Chemist: 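Could you have a look at this structure, given as structure tokens, before my questions?
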Amino acid sequence: MSQIYENIKNDKQIWKFCFYGFLKNLKFFEPYLLNITNSNLFKIGILFSIKEIVTYIFEIPSGIFANNYGKKKELMLCFSFYIISFLFFFTGKNFFILALGMIFFGLGEAFRSGTHKAMIYSYLEQRGWFKHKTFVYGRTKSFSLLGSAVSAFLSIIFVLNFPSSRWIFLICIIPYILDFIDMVISK
């Protein structure tokens, strides 16, 4: 039984899933959103409401997209939406631009949610490892949590050393580009 766990731990595709989980949680901007946007709490609440509404509306269309075009293409589109949102946040000087950024961020969330887990489950079924899904999902989730911890630490360093805190949005693009590449080279 322990041999199967070693095989899973050493599987290249499982490592790619772990890498994805780590990178997707490198959201350096989250602790500083109030400061970066120069908005009051009410406006930030409106921005997050926009994101949640867009995410909710596009959950079903994103599933249809995944069924018609594949989960990989859906995740690649998701990362593109995230990158566009970060560009809006970086350049956003007014509420309208920030709202556009949140729309694209919400689209990214809708196209991401559940897709990666479905890819993991499909891969486990192909390998005959589906009964070990809890182990694999726990492993990938641990990398996601590690990404959150690293993000919290690095965001402090970035904000203290950049000429403007808005630059953190450009840094956020890097992990999403790496995740995009990870999807391109994944099975």
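No hydrogens, no waters, no symmetry mates; every other heavy atom, side chains included, goes into these values. Every value quoted in this text rests on a predicted model; they were computed, and no experiment measured them.
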Chemist: Taking only residues two or more places apart in sequence or in another chain, which ones pass ring-ring contact (aromatic ring centres under 6.0 Å, His included) with F153?
Modeler: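 Here no residue qualifies.
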Chemist: Of all residues at least two apart in sequence or in a different chain, which pass the ring-ring contact (aromatic ring centres under 6.0 Å, His included) check with F143?
Modeler: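 For F143 the ring-ring contact (aromatic ring centres under 6.0 Å, His included) partners, ignoring immediate neighbours, are W15.
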Chemist: Are more than 12 heavy atoms, taken from residues, nucleotides or ligands other than W167, located less than 6.0 Å from that residue's CH2 atom?
Modeler: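 No, the 6.0 Å shell around CH2 holds no more than 12 heavy atoms from other groups.
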Chemist: Under 6.0 Å between ring centres, would you say that holds for F65 and F111?
Modeler: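 Centroid separation for F65 and F111: below 6.0 Å.
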Chemist: Could you work out, with side-chain hydrogen bond (donor to acceptor under 3.5 Å, both in side chains) as the rule, every residue matching E52, not counting sequence neighbours?
Modeler: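 Here no residue qualifies.
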Chemist: Please list, chain by chain and in numerical order, all residues satisfying side-chain contact (heavy atoms from CB on, under 4.5 Å) with L26, sequence neighbours excluded.
Modeler: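 For L26 the side-chain contact (heavy atoms from CB on, under 4.5 Å) partners, ignoring immediate neighbours, are F22, L23, F28, V150, S151, P175.
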Chemist: So which pairs with a foot in residues 78-107 pass side-chain hydrogen bond (donor to acceptor under 3.5 Å, both in side chains), sequence neighbours left out?
Modeler: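 Sorted pair list: Y82-E109, Y82-R112.
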Chemist: Could you tell me which residues satisfy side-chain contact (heavy atoms from CB on, under 4.5 Å) with I64, sequence neighbours excluded, listed by chain and number?
Modeler: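 Counting only residues at least two positions away or on another chain, I64 forms a side-chain contact (heavy atoms from CB on, under 4.5 Å) with I60, N68.
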Chemist: Looking only at heavy atoms, what is the nearest atom pair of W129 and N7, with distance?
Modeler: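 Shortest heavy-atom separation between W129 and N7 comes out as CH2-O, 3.9 Å.
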Chemist: Who are the side-chain hydrogen bond (donor to acceptor under 3.5 Å, both in side chains) partners of S148, not counting sequence neighbours?
Modeler: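 Scan of S148 (side-chain hydrogen bond (donor to acceptor under 3.5 Å, both in side chains), adjacent residues dropped) gives N25.
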Chemist: Residues two or more places apart in sequence or in another chain: which of them pass ring-ring contact (aromatic ring centres under 6.0 Å, His included) with F88?
Modeler: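 Partners of F88 under the ring-ring contact (aromatic ring centres under 6.0 Å, His included) test: F104.
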Chemist: Please identify each residue that fulfils side-chain hydrogen bond (donor to acceptor under 3.5 Å, both in side chains) with T115, with sequence neighbours left out.
Modeler: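 Once residues adjacent in sequence are excluded, the partners of T115 under the side-chain hydrogen bond (donor to acceptor under 3.5 Å, both in side chains) criterion are E74.
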Chemist: Taking ILVMFWY side chains as joined if any heavy atoms are under 4.5 angstrom apart, and letting links pass through other members, which residues group with Y56?
Modeler: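 Grouped by the 4.5 Å side-chain rule, Y56 forms a cluster of one, so the answer is none.
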Chemist: If hydrophobic clusters are built by linking Ile, Leu, Val, Met, Phe, Trp and Tyr wherever their side-chain heavy atoms come under 4.5 Å apart, do L146 and Y137 end up in the same one?
Modeler: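 As far as the 4.5 Å side-chain criterion goes, Y137 and L146 are not connected within one cluster.
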Chemist: How are the rings of F79 and Y176 set to each other: parallel, tilted or perpendicular (split at 30° and 60°)?
Modeler: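 Rings of F79 and Y176: tilted, as their planes differ by 30° to 60°.
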Chemist: Anything under 30° is parallel, anything over 60° is perpendicular, the rest tilted; go ahead and classify F86 against F89.
Modeler: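 Plane angle between 30° and 60°, so tilted.
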Chemist: Which heavy atom in F17 sits nearest to a heavy atom in M119, and how many Å separate them?
Modeler: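 The answer is CZ-O, 3.9 Å.
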Chemist: Listed by chain and number, what are the ring-ring contact (aromatic ring centres under 6.0 Å, His included) partners of Y121, not counting sequence neighbours?
Modeler: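 Y121 satisfies ring-ring contact (aromatic ring centres under 6.0 Å, His included) with F130 once adjacent residues are dropped.
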Chemist: Could you list the residues that satisfy side-chain hydrogen bond (donor to acceptor under 3.5 Å, both in side chains) with S122, not counting sequence neighbours?
Modeler: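 Once residues adjacent in sequence are excluded, S122 has no partner under the side-chain hydrogen bond (donor to acceptor under 3.5 Å, both in side chains) criterion.
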